[in-house]
Protein chains: 2
Amino acid sequence: MTGGAGQGRLAIIAGSGGLPAALVAALPERPFIAALDGFPPAGLAADQVFRVERLVPFLDHLQDAGVDRVIFAGAVQRPRLDPSLFDPLTAQMVPRLLAAMQGGDDATLRAVVAIFEDAGFGVVDIPQAAPGLLAQAGALGAQAATPADIADADRGAAILAALAPVDVGQGCVVAKGLCLAVESVYGTDAMLGFVAAQRPRLEPTRGGVFIKRAKAGQDLRVDLPTIGPDTVTAAIAAGLSGICLQAGQVIVLDRDRVIALADAAGLALWAVA
Amino acid sequence: MTGGAGQGRLAIIAGSGGLPAALVAALPERPFIAALDGFPPAGLAADQVFRVERLVPFLDHLQDAGVDRVIFAGAVQRPRLDPSLFDPLTAQMVPRLLAAMQGGDDATLRAVVAIFEDAGFGVVDIPQAAPGLLAQAGALGAQAATPADIADADRGAAILAALAPVDVGQGCVVAKGLCLAVESVYGTDAMLGFVAAQRPRLEPTRGGVFIKRAKAGQDLRVDLPTIGPDTVTAAIAAGLSGICLQAGQVIVLDRDRVIALADAAGLALWAVA
């Protein structure tokens, strides 16, 4: 599915951030690059910019360009929709999309995937297309996790598992067994900034682990959890001693720099199943 | 158990905040007031200040004072312990307390309750002793909850129910089905301040409901969820349109002022089972 096995071209449906460019660099040949208006991918020129209000004509255009498989990559926050821009066929999809949006991010993304599949596209996931972008099990850097880090990571995984059925949370912060924060729609950086600001108030004021995992049942074809150098910097600023990722399901952007930053700060960075 | 049925005196084991004084005002006769060192109750003179490191002598003192029932009231953050202050009998309890603290706040408080019960005290809860302090089902103020508020409140209740087994969260904020924040050890005001700071970033930038409930299985004899005027002010600053409490299980401090603030802002304040 991922390389030359398909008959047509692969397209990246790109959002913002560094992931689309990292993915393009990891793929064996350059894909068609489509970017959602308002969420430009960093360091990447789009072959086409599209809007949700004109999704059906955009899908037709992809087919005309010989695309038969798509891969979603990059961050998209719910775009504002301009009612005056809808074409009639896309307008018919609005009830379906709005219903899905009531159910949380996962439900929304599942609906988007279904629309592409219904239009005849294969939907490829990043673990399949570019496995080298994902954290594999074990230590990524030089600092080993302590038993306290591992206990906090276990508790964080249990918290995220509990939240999965209600479609909340790819991340949380746990220190000495205490839950310091749960990731919300505002994302990882906002959560780590909150912890950094609150830490002087209560013990423990340092230590603890940021746990980042895919939600159980999450569709890995969209919205893969991602960390990068900014995540490590924010974790250090929050006084944490570790970052624990889910092996095979979390993307590490700019891995060399991520590891260098973690090692320089003595931060344990590791992945577990 | 609550009034004159017992043979001895009732003692309040008080933490900080306005709850201990509100409880004293609501009780038919003045109880013995014991305050944890470092967490003075507002507007209330303690008959005795005690420290965790000398818990066993404190329990003996309560018995000498004729106390046979206790009621926990007020906020306590995990106190720092000074190893040099422990008496030998209290020191023997340390492993039990530390093990409980690894399991989260509920486990810690259950262990504290068990220590008082093992020493022969009855532990009375606030709903039993002063039911008038709790929110009863229905609207508390003049503003009715909209269907959107009610839907957000339902989703918030589901999120908190999912978190209960891992002993996290008495509160969360939901707007248009999106989880904006989950309460952590840093408490309600920190969470609402986070939402206020983040709201300009993403839609919806206004509206939504703060949901406050006891954790399923939570021991209501300690750590009852509590709101007061500051909570309403913080919810308004976070752009919320409602506060939904669990009927019979959330204390409303300074109720007249809480309702006046909510009504003045058009904030729906209601309680559901």
Just checking A/Arg206: does its CZ atom have more than 12 heavy atoms from other residues, nucleotides or ligands closer to it than 6.0 angstrom?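 No.
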CG of B/Leu163 to CD1 of A/Ile159, rounded to nearest 0.5 Å, is 7.5 Å
What distance separates A/Ser184 OG from B/Leu178 CG, expressed to the nearest 0.5 Å?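 With rounding to 0.5 Å, OG (A/Ser184) is 9.5 Å from CG (B/Leu178).
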Report which part of A/Ala158 has an atom under 4.5 Å of a heavy atom belonging to chain B: side chain, backbone, both, or neither.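 For A/Ala158, heavy atoms of backbone and side chain both lie under 4.5 Å from chain B.
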Within a strict 4.5 Å, meaning less than it, do heavy atoms of the A/Val168 and B/Arg155 side chains meet?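 In short, these two side chains touch, coming nearer than 4.5 Å.
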Applying a criterion of heavy atom separation less than 4.5 Å, what residues of residues 194-202 of chain A form contacts with chain B? A/Phe194, A/Gln198, A/Arg199, A/Arg201, A/Leu202
Could you tell me which portion of B/Ala190 (side chain, backbone, both or neither) has an atom closer than 4.5 angstrom to a non-hydrogen atom of chain A?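 For B/Ala190, backbone and side chain are both near chain A.
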